[in-house]
Amino acid sequence: MNRAFSIAEEHPPRDGMTISTVSGLRAETKISYFSLGRETDISAESYPTETLCIGAGGTGRFALGAGADGKEVELGEGEALIVPRDTLCGIAAREGFVYTEVIAKGELQMNEAVRTGEVFKLAELAPYEKDSVVNVDVVSNEGFKFVVMAFDEGTGLSPHRAPGDALIFALEGKGVIGYEGQDHPIEAGENFRFATGGLHSVTANGKFKMALLLTLK
């Protein structure tokens, strides 16, 4: 998909339905889009590894754990949650909710600024620095890497190629994604995909923040 798009708009919630769609990113890591219609839910289940959930639209309620040890958190657009491994997790939506789910294959290495079971705002992880690009590793393992980047006005990344498929989440401001010789404007709330080896660049249009999900195997 060689254009900016919105995961939330491409996978809109439908009343009475819960829809899961494989992202199409080529990787051993399972990456899917979920859409929960109004007043729908996903029954509690657990996985033997951590799960990264990235809010794309609306708000979802995550019930983590069971009994006295359980708690409920809300995840919205531009926020993320790492569900601990072997932890029951049920998800519900009142008015509709869309999110990206990344099921880790193997143990995650996590930034000290994030905690499993706690919602965090992605844009707050990377500060702007004058005339600089700030890169903050959020979570990673052998199969994928998830980072947040902050671009000061006038900065960017020169054309380069990546070792895996990738998905960009624009978090704040506006930028331009150069991909295989064409420029694609992108702004907060939009996404962009590029394939393994695709020649791409990033240019900030003013101050710009984005997250990048890069597959490694």
Classify the angle between the aromatic ring planes of F194 and H200 as parallel (below 30°), tilted (30 to 60°) or perpendicular (above 60°).
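Parallel: the ring planes of F194 and H200 meet at under 30°.
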Taking the six-membered ring for Trp, are Y99 and F34 parallel (under 30°), tilted (30 to 60°) or perpendicular (over 60°)?
parallel
Carboxylate-amine/guanidinium contact [X] [Y], below 4.0 Å:
X    : Y    : value
R94  : E74  : yes
R38  : D15  : yes
E153 : K207 : no

Exactly one candidate in L214, N141, I54 meets side chain to side chain contact (heavy atoms under 4.5 Å, CB included) with F146; the answer is I54
Over all atoms of both residues, closest heavy-atom pair of [X] and [Y]:
X    : Y    : result
I186 : A170 : CG1-CB, 3.9 Å
C89  : F62  : SG-CD2, 3.6 Å
L212 : A166 : CD1-CB, 3.8 Å

Count the heavy atoms of every other residue, nucleotide or ligand shown that sit under 6.0 Å from CD of E142, and state whether that count exceeds 12.
no
Can you hop from I31 to Y47 via hydrophobic side chains spaced under 4.5 Å?
no
So is K105 actually on top of F144's ring, under 6.0 Å and inside 45° of the axis?
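The answer is no; the distance or angle limit is not met.
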Any sub-3.5 Å donor-acceptor pair from N205's side-chain atoms to K174's backbone N or O?
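No: the side chain of N205 does not pair with the backbone of K174.
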Does the pair K209 and E124 meet the rule for a side-chain contact (heavy atoms from CB on, under 4.5 Å), with working shown?
CA-CA 10 Å; K209 289 185 181 182; E124 293 181 355; over 6 Å; no
